[in-house]
Amino acid sequence: MARRGLSGLKLSARLLLGDVTLAGAGLALCTAPAWLYAALPGALGVAAAALALPLPFAGWAMLRLPFAARPPGAEDGIRLQAADAPELFREIEQVRARLGAPALDAVYLNGEFNASIRQHRRLLGRTRNVLWLGQPLLEMLSAESCRAILAHECAHIAGSHGRYASRVYFARLQWQEAARQLDRRKGLSTGPLRLFMNWHVPRFLAASLDFARECEYEADAQSARACGAAAAANALMAVSVQGRALREHWPDLYAQASETQPPSPHACLAGDAPLPYPRDEAEAQAWLHQALCRSTTDDDTHPSLSDRLAALNASGQQEALATAPAPTDAVPWRRAAPSAAALWLGLQRLPLARALDESQRDAIAQLAREARNERDEAIAGHHELLRKQRLRALSADERARMAWYADTLMGDADGAAVTLEQNLQEHPGHLPTLCQLAALQLRRAADRDLDKRRQLEAASEALWRQAAAVPGPQRLPCLRQLTAAALRRGDDAQAQAWRAEADQLERQAQADDAAPRYLPHGLGAGELRRLADTLDPLLHVATGVWLLRDAASGRLALLVLARESGVARAVGKLTGEQSYLRRDCEMLLTRLLPRIRLDIEPILLEAGDPLPGECTDACRLRRAT
């Protein structure tokens, strides 16, 4: 996969520049005291050499970076041995041999819904290859899908993938990890290295983005040749659907945990408990439609799902694949039974899951605390609404919120439905109530008999239709729900029509997100004067402050530019210290914004950030004269 053309030459040049600069600058810094002493006469040479004594530490950090025996970050997770999971290692060995990939030096089990492989060069000796497997991935997906994922990862280090491709692919990972590590180790000794990293890494990553996506396409093609195109495509769709199912499930799991008994998420997965999401295949289809609608952006290192499936379809495989599955095609919406974990980890499946929970106990406890805090805030909000209800009649929004509290805090779904129905009678067409009642009716239909279930599903669909008829941001989720509803009752033509309309809105929303647009703030002179008076301390410190209105959300946006002098920026880059001006602006915003009644979102800009064209003199806030 050697790159050709001008872009390939630029990428090769930046790849070589990184290694040559690190080696040359590192050697110069390591020997700086010696050559300063030799170059300068007498006492001046001794003084210069003494002052340069910290430089060899920075030079050694530069020299060892490209040839580190281990990755710059720790090899986290639980290291697996062949005796722990012989079936897993047999699968890895078979896939590795089929692709012609080199042997692995270590295999780790971690808590991510992902798999990755890293390769690290050594100054002396062969390259170190390390594989990470996510326990949730093994628990949620079938052995066939996980085998295709293993083949994809092994393809990144296989000879057929190309030495040049492997070098660029892992150079990206190496430079990204090194930048993260240096960001945590700030000081003068690492200043020269950070200055180079701040200049080189963004440029190298930007130059290699296209190549990174080509590597993913090539790894997908190798996986399809080793395991079959159908298995590779099914693995991509399963990762998309099951990954979302897990993201929907984790918050509920953490919210149910008590302070004395923190959750054990990985052990729960190993217990084969079914996940409540997606509710059925129709909902999974709607999820997949949404994922297929997303396009690859210029900043993505991985192509979008639709692009990867399209590439598999065009790769010359014999299996019939569809770029976007039709509404009637089956999708992997349930947890695989048996899962790859059940087949490959055997008797060690539950002990490994418990060990993983124990190794991540602090992070799990922190997530549980955050979930409890959110629940405490909800309880406080419920009590506040109860207090208001004793004093006056609640508004439509407040009654909808009260129904949500009854459902989520007290588990009273029937009572919440009654409250929402009464709210619609008094406030017909209230959008939050329509959407909330539709979702509630659909959930209540799950445990009813066939006739009652169809009745509740029909009522839910009617509510989604009513909400989707109103223009606004709620239309897109409503159309996705209507697509699932049509699939549920077997109306494929209507499902396709809803889906096409939802896809159009999805792409429009992505285009709007990619290019945020601002409008004039629309405030009167008196409001602007009062706002400027309140923000006067900030206006004295910041380089410039503009007030605009976000075109998508309608919220006011306060753009604050904190631009320091070139000398201050250079010192900040050398020492790694945060910009003092930016810190002062953040502190002033924290103190001043609560005094303003307007709903304003602060946006801090730094030197080098593009200033929106709407930031004109007419929208700029000025100090009182």
Of all heavy-atom pairs between [X] and [Y], which one has the smallest distance, and what is that distance?
X      : Y      : answer
Pro332 : Met237 : CG-C, 4.2 Å
His249 : Tyr277 : N-CD1, 4.3 Å
Cys478 : Ala468 : CB-CB, 3.8 Å
Leu141 : Ala336 : C-CB, 3.4 Å
Ala143 : Leu343 : CB-CD1, 3.8 Å
Ala224 : Leu312 : CB-CD2, 3.7 Å

Flag the pair [X] / [Y] as yes when at least one side-chain heavy-atom distance between them is below 4.5 Å, and no otherwise.
X      : Y      : result
Asp357 : Pro265 : yes
Leu476 : Glu506 : yes
His266 : Pro136 : yes
Ser264 : Arg361 : yes
His382 : Arg401 : no
Leu309 : Leu292 : yes

Would you say [X]'s side chain and [Y]'s backbone share a donor-acceptor pair under 3.5 angstrom?
X      : Y      : answer
Thr483 : Leu479 : yes
Gln436 : Ala400 : yes
Gln474 : Ala467 : yes
Asp491 : Ala486 : no
Gln135 : Glu112 : no
Gln242 : Arg334 : yes
Asp407 : Ala403 : no
Ser223 : Ala151 : no

Can we say [X] and [Y] salt-bridge, meaning some charged N sits less than 4.0 Å from an Asp/Glu carboxylate O?
X      : Y      : value
Arg488 : Glu461 : no
Asp599 : Arg555 : yes
Asp376 : Arg372 : no
Arg213 : Asp307 : no
Glu93  : Arg96  : yes
Glu91  : Arg147 : yes

Can you give each donor-acceptor pair under 3.5 Å made by side-chain atoms of residues 448-455, sequence neighbours left out, with the distance rounded to 0.1 Å?
{"from": "Asp449", "atom 1": "OD1", "to": "Asp451", "atom 2": "N", "distance (Å)": "3.3"}
{"from": "Asp449", "atom 1": "OD1", "to": "Lys452", "atom 2": "N", "distance (Å)": "2.9"}
{"from": "Arg453", "atom 1": "NH1", "to": "Arg448", "atom 2": "O", "distance (Å)": "3.4"}

Residues Arg375, Leu409; criterion side chain to side chain contact (heavy atoms under 4.5 Å, CB included); working and verdict
CA-CA 8 Å; Arg375 183 175 178 84; Leu409 295 179; 3.8 Å; yes
Qualifying residues under side chain to side chain donor-acceptor pair (under 3.5 Å), relative to Ser142, sequence neighbours excluded
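Checked Ser142 against side chain to side chain donor-acceptor pair (under 3.5 Å); matches are Ser145.
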Sole candidate of Leu109, Ile157, Ile117 that passes side chain to side chain contact (heavy atoms under 4.5 Å, CB included) when paired with Leu131
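Among the candidates, only Ile117 passes.
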Inter-residue atom distance [X].[atom1] - [Y].[atom2], 0.5 Å rounding:
X      : Y      : atom1 : atom2 : result
Leu80  : Phe89  : CG    : CZ    : 5.5 Å
Thr419 : Asp414 : OG1   : CG    : 11.0 Å
Met140 : Leu137 : CE    : CG    : 9.5 Å

Gln466 and Leu424: side chain to side chain contact (heavy atoms under 4.5 Å, CB included), yes or no, with the steps?
CA-CA 12 Å; Gln466 189 176 350; Leu424 279 182; 5.8 Å; no
Classify the ring geometry between Tyr108 and Trp132 as parallel (under 30°), tilted (30 to 60°) or perpendicular (over 60°).
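Rings of Tyr108 and Trp132: parallel, as their planes differ by under 30°.
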Name the orientation class of the two ring planes belonging to Tyr254 and Trp250 (parallel below 30°, tilted from 30 to 60°, perpendicular beyond 60°).
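Tyr254 and Trp250: tilted rings.
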[X] and [Y]: side chain donor to acceptor below 3.5 Å:
X      : Y      : result
Gln494 : Arg489 : no
Gln366 : Glu370 : yes
Glu218 : Gln222 : yes
Thr297 : Asp300 : yes

Side chain to side chain contact (heavy atoms under 4.5 Å, CB included) between Arg499 and Gln285, worked out
CA-CA 10 Å; Arg499 178 194 174 183; Gln285 281 280 10; over 6 Å; no
Assess whether atom CZ of Arg354 is packed by more than 12 heavy atoms of other residues, nucleotides or ligands within 6.0 Å.
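Incorrect, the count does not exceed 12.
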Are more than 12 heavy atoms from other residues, nucleotides or ligands located less than 6.0 Å from atom CD of Glu248?
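Buried by this count: over 12 neighbours within 6.0 Å.
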Under the criterion side chain to side chain contact (heavy atoms under 4.5 Å, CB included), I'd like the reasoning laid out for Leu133 against Leu150: C-alpha separation, chi angles, the key distance, then a yes or no.
CA-CA 9 Å; Leu133 288 173; Leu150 281 176; 3.7 Å; yes
